Amino acid sequence: MASRSLIRNFCIIAHIDHGKSTLADRLLESAGAVSQRDMRDQVLDTMDLERERGITIKAQAVRLDYEASDGRLYVLNLIDTPGHVDFSYEVSRSLAACEGAVLLVDANQGVQAQTVANAYLAVEAGLEIIPVVNKIDLPSAEPERAAEELARVVGGDAADTIFISAKTGEGVDELTERIVEVIPPPAGDEDLPLSALIFDSYYDLYRGVVCYVRVMEGSIAAGERVMFMATGEKRDAAEIGVLTPGSVPMETLAAGEVGYLITGAKEIDRVRVGDTVTSAYRPAAVPLRGYTDPRPMVFAGIFPTDGDEYPRLREALEKLQLNDASLQIAPEFSQALGFGFRCGFLGLLHMEIVRERLEREYDLDLVTTSPSVAYRVTLPGDEPVEVRSPADFPAAGREMVVEEPWIKALVLVPPEHLGAVMEILTSRRGELGPLNYLGTERVELTCRLPLAEVVFDFYDQLKSKTRGFASLDYEADGYQPSDLVKVDLLLNGSAVDAFSAVIHRPRAYAYGREMVTRLKDLIPRQLFDVPIQAAIGSRVISRETIRAKRKDVLAKCYGGDVTRKKKLLARQKEGKRRMKMVGSVEVPSQAFVAALRVRD
Amino acid sequence: MHIPFCEEVCPYCDFAVVAGRDQLASRYGQALVAEIRSAEEWGPLEAVNFGGGTPSRMPAGLLERILGELSSRFGLREGAEVSLEANPEDWTLQKAESLAAAGFNRVSLGAQSFDAEVLSYLGRRHTPTQIVGAVAAARQAGFASVNLDLIMGSPSESAASWTETLRMALEANPDHLSTYSLTVEPGTILWRTVRAGASPPDPDRQAECWDEADRECARSGLVRYEVSNAARPGHPCRYNLSVWGQGEYLGFGNGAHSFRDGRRWENLRGLERYLDTVEAGRSPNRRFELIEGWAAETERVLLGIRRRAGVRAGRAGEALWESPRGRELHRAGVIGLHGDRLVVDRPLLTDEVSRAILAIPPPESAGLGNIPVPGG
Ligand SMILES: Nc1nc2c(ncn2[C@@H]2O[C@H](COP(=O)(O)OP(=O)(O)OP(=O)(O)O)[C@@H](O)[C@H]2O)c(=O)[nH]1
Ligand code: SF4
Ligand SMILES: [Mg+2]
């Protein structure tokens with residue numbers, strides 16, 4: 001058990017890709033925590049997807065021993081956090097387990113949207129912030145400018161900034177010394193009843209739920225009977241320990257310390273992130289302030305291409321959920337796509353990652369419907385209901401009030417691209433807020449806009465119109481009434497539920513037009529003419545016809561060719577199996593995927 | 001009888017052919033003779049077809065020698081059809097006369113088009129005038145049956161050009177006319193250019209070409225008896241009819257196929273390997289396949305439906321007729337049941353029907369279907 005005065009709990013926060021995980025590598029290295037053999041870049045990014053995409057998806061806690069220049073051995077509990085906006089709730093959770101935050105900024109890119117957003121979160125959480133400019137080794141680096149911008153964001157003096165290269169290790173020792181020096185040791189009283197915050201958890205096939213805890217008051221001993229305050233669940237602390245980064249069992253964890261707790265619980269909902277662990281015999285009077293559950297922002301239907309795979313899909317989703325409390329699932333039936341799930345995600349990246357994991361780790365072939373947001377619909381004399389699927393949206397013509405979720409967005413952009421950004425935002429119904437100049441090179445622009453406007457190609461458009469210089473952060477900002485309609489797509493006269501979408505009325509026509517054109521190219525010609533229509537209620541707003549196919553015959557069929565042609569026909573026949581019948585129209589599964597792909 | 005030699009390989013061609021290897025012709029002739037001599041007893045033959053490749057490139061003497069070998073080994077039935085494929089530029093009066101004397105009585109001329117621009121797109125080296133001359137030469141030499149092959153709907157061909165090609169072809173007064181849609185076969189030069197962005201043939205245009213050919217042939221007294229073939233009464237190609245009727249045939253030469261006693265096999269496709277194998281006294285036959293039970297039944301229908309007269313429905317035809325897909329095809333006017341015959345009323349959609357037949361699950365008692373069998 002470490003003396004509390006020698007403990008430093010901090011997290012590394014930054015905009016995506018500014019080098020958090022690489023800095024963690026250097027800190028682990030200088031503490032000798034990972035052997036030379038096991039060392040690799042971003043060693044804390046352990047998931048396959050994290051490694052492939054080079055991003056952090058899940059926060060990682062690790063404990064290091066560090067001998068400071070004052071000759072004392074300090075315990076550093078560091079948490080590497082993700083930078084992407086979809087996972088910002090991971091950052092908030094980590095902050096609650098720390099007294100300090102290392103705020104990195106890329107010397108080349110300067111302050112970006114998540115730099116600002118995460119800095120504000122850290123300030124709100126009352127943490128000591130150490131401003132750090134990273135990647136000073138880059139030839140294009142402008143460390144001074146980045147330091148100036150950073151100082152404006154955190155309200156300090158640029159002279160306090162530490163300059164490092166997480167890649168070469170330059171400046172990292174200075175940073176560690178600063179951590180020890182300025183981040184306060186944790187407060188807390190070991191003699192008080194136990195209260196420990198569960199700031200993260202994951203599911204281990206053999207050990208059940210593994211909780212990451214920060215002990216706030218009292219202490220926890222291995223074997224002790226503990227209680228989870230929110231659920232009242234009582235269990236034995238089968239194992240407690242610290243992560244270095246491998247798990248090392250310990251006898252006790254005392255106030256101020258960070259570690260893990262295993263109770264053998266298999267049900268993830270009994271042991272919730274944000275809950276307080278206390279002693280079953282001497283419980284704390286009040287639980288710690290927990291977290292608000294992350295709310296899914298976007299919803300999409302996930303269906304197996306082959307209907308027989310539904311049970312496997314369910315099993316896979318349930319397994320993913322064990323480690324991803326933010327993933328919501330509910331069974332859904334589509335006439336066109338069969339049985340599947342309506343899933344709630346934190347954002348498009350989250351959705352993409354879930355889909356990729358399902359396809360890769362569980363070898364499923366999936367059709368994912370267009371992402372949509374959750375609307376709030378009130379029919380006269382009724383309570384408002386949340387509609388998460390366009391299929392459930394009431395038909396046009398009914399009297400109703402529809403509200404849609406809005407967000408508060410923060411865009412950081414160099415002044416020369418400000419015009420382009422404002423244009424994009426206004427074209428997407430944005431309400432522009434005040435501008436704030438962070439030095440001469442960067443403007444901070446706040447804006448409110450409907451979430452649905454961001455769910456489609458917004459980010460790509462923002463990036464392309466600003467040559468990649470704009471960055472975006474956003475958070476939910478309530479619901480607001482809106483003029484929305486449901487656009488249906490009809491094939492041969494019958495609506496295909498999977499293609500329905502809720503659209504802001506002024507854009508409905510363009511949307512209908514686009515979908516009709518897309519489908520015309522994607523659906524193969526049939527034996528008869530197939531009209532494709534986009535309609536609002538019974539009013540058709542766009543129409544195309546797939547002409548009946550006229551010719552489908554192999555040129556010759558000589559003796560020699562019989563076997564080969566038969567094989568060819570048999571292969572084509574197999575292809576037909578991957579067709580979904582929509583009424584009497586054969587639609588390739590691939591067409592659903594392509595038609596529903598987010599526009600790019 | 002497969003003759004693999006060509007002047008150049010045409011961009012759309014995916015047959016087992018070689019260009020610039022004419023020096024191998026006499027070796028190849030030897031190999032064919034050897035293969036014929038070692039073939040199983042059979043005959044007499046009802047139809048002989050020299051295809052390719054370009055049989056007309058071969059010296060008449062060589063073709064005569066091979067035909068002689070065939071008739072002495074198997075015998076030719078009285079009035080047998082003895083046919084060869086010829087390219088107009090090779091087909092001189094002299095050649096026609098020697099071949100007629102050797103016993104050939106039908107010639108199939110690779111006319112392809114009467115439009116010089118289309119011919120050049122197709123990589124053909126003859127002129128429209130040469131086609132007319134070739135027909136005349138065949139007539140003068142006494143060929144009883146003259147066929148013209150046409151290729152329709154190539155991207156370089158306008159509607160007017162096809163109309164003109166048809167008109168000229170029919171004016172040449174052939175006994176038989178084949179009209180094939182240009183197809184892009186994998187691995188061909190055409191396939192590569194299309195993959196690189198050249199425009200592929202338009203199937204709708206081809207459908208229009210086909211309709212027009214169907215109409216014009218009928219007006220000229222040529223009766224369409226198969227998807228792509230029309231003939232004056234008494235002139236349908238017997239060799240082809242036999243294939244569509246699940247008849248038996250023996251193929252000689254590299255890449256040739258045979259079908260006999262429910263077995264199908266294929267010769268080595270590479271010319272050199274074929275020659276080496278035959279010269280070493282070994283059989284070039286490969287890939288034996290036993291076609292029996294349900295596979296034979298579906299194949300009967302698959303082949304038969306290409307004919308205008310259709311095919312006796314039988315088990316596979318009836319199963320199709322009863323199936324949901326069969327009902328849809330009927331509703332869309334694609335198939336009909338005329339008495340006990342299954343007929344494709346919209347021949348251009350024949351492959352839709354074929355796939356539907358292949359999709360019928362074999363009945364329990366239908367036997368094992370296609371089994372590869374080892375050895376000869
Ligand atoms: N040249 C240079 N490159 C760096 C430095 N630090 C990090 N990088 C590179 O920047 C990229 C992103 O680094 P990460 O450590 O994965 O960034 P991150 O902040 O953890 O990213 P997320 O977790 O996705 O938010 C990687 O290619 C690193 O190699 C540095 O000091 N200099
Ligand atoms: S002449 Fe006939 S066989 Fe020879 S390459 Fe051309 S199309 Fe093929
Ligand atoms: Mg990272």
Side-chain angles (χ1 to χ4, degrees), chain A residues 306-308 335 338 491-494 520-532 544-591, chain B residues 2 15-16 49 51 151 153 178 180-183 185 203-208 210-211 226-228 239-240 242-244 247 249 251 255-259 264 266 287 289 291 295 298-299 302-303 306 328-329 331-334 344 346-359 370:
Chain A
D306 175 355
D308 295 346
Q335 266 161 2
L491 275 188
N492 208 21
S494 46
K520 182 170 186 218
D521 291 339
L522 289 167
I523 298 174
R525 298 165 70 178
Q526 317 271 319
L527 293 176
F528 42 86
D529 284 359
V530 178
I532 314 173
E544 284 279 356
T545 302
I546 305 173
R547 294 266 158 238
K549 105 160 115 191
R550 295 181 59 185
K551 173 176 170 285
D552 183 358
V553 64
L554 301 164
K556 306 196 184 190
C557 196
Y558 285 137
D561 293 319
V562 179
T563 300
R564 218 183 58 177
K565 303 253 146 128
K566 235 170 89 174
K567 278 193 187 132
L568 183 67
L569 288 166
R571 254 204 320 277
Q572 292 171 344
K573 180 201 75 181
E574 278 313 302
K576 289 223 166 215
R577 273 184 32 140
R578 283 189 288 275
M579 300 271 190
K580 298 250 183 205
M581 287 305 287
V582 176
S584 52
V585 183
E586 284 179 330
V587 183
S589 303
Q590 220 28 54
Chain B
H2 180 70
F15 296 136
N49 181 48
I151 293 183
S178 301
Y180 297 115
S181 297
L182 179 67
T183 52
E185 301 290 342
D204 286 352
R205 267 246 57 228
Q206 292 183 324
E208 276 152 28
W210 187 91
D211 285 344
E226 191 259 1
V227 183
S228 318
Y239 156 68
N240 274 345
S242 145
V243 171
W244 297 318
Y249 47 88
H257 290 65
S258 305
F259 179 61
R264 184 160 44 231
E266 187 185 324
R287 302 213 213 168
E289 221 185 338
I291 314 290
T298 51
E299 199 167 301
L302 285 187
L303 289 167
R306 292 189 66 97
E328 261 175 59
L329 287 164
R331 244 198 326 275
V334 180
V344 179
R346 291 170 65 184
L348 287 180
L349 295 176
T350 301
D351 285 358
E352 278 286 345
V353 185
S354 305
R355 282 191 289 270
I357 293 165
L358 287 171
N370 255 5

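These values consider heavy atoms only, across backbone and side chains, with no hydrogens, waters or symmetry-generated copies. Computed from a predicted model, the values in this text were never measured in an experiment. Within every chain, numbering begins at 1; the chains are lettered A, B, ... in the order of the sequence lines, protein sequences first and strands thereafter.
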Is B/Leu358 close to chain A through its backbone or its side chain, or both, or neither, when contacts mean heavy atoms under 4.5 Å?
both
Given B/Asp204, which of A/Arg525, A/Lys549, A/Lys551 fulfils the salt bridge (charged side-chain N to carboxylate O under 4.0 Å, His left out) condition?
A/Arg525
Between B/Ala207 and chain A, with a heavy-atom cut-off of 4.5 Å, which part of the residue counts as in contact: side chain, backbone, both or neither?
both
Run the side chain to side chain contact (heavy atoms under 4.5 Å, CB included) test against B/Arg331 and tell me which residues pass, sequence neighbours left out.
B/Glu328
B/Leu329, part contacting chain A, at a heavy-atom distance under 4.5 Å:
both
Spatial distance of atom CZ (B/Arg346) from atom CG (A/Leu527) [nearest 0.5 Å]
6.5 Å
State, with a plain yes or no, whether a side-chain heavy atom of A/Arg550 is found less than 4.5 Å away from one of B/Leu348.
no
Using a cut-off of under 4.5 Å for heavy-atom pairs, which of B/Asp211, B/Leu349, B/Thr350, B/Thr298 has the most such pairs with chain A?
B/Leu349
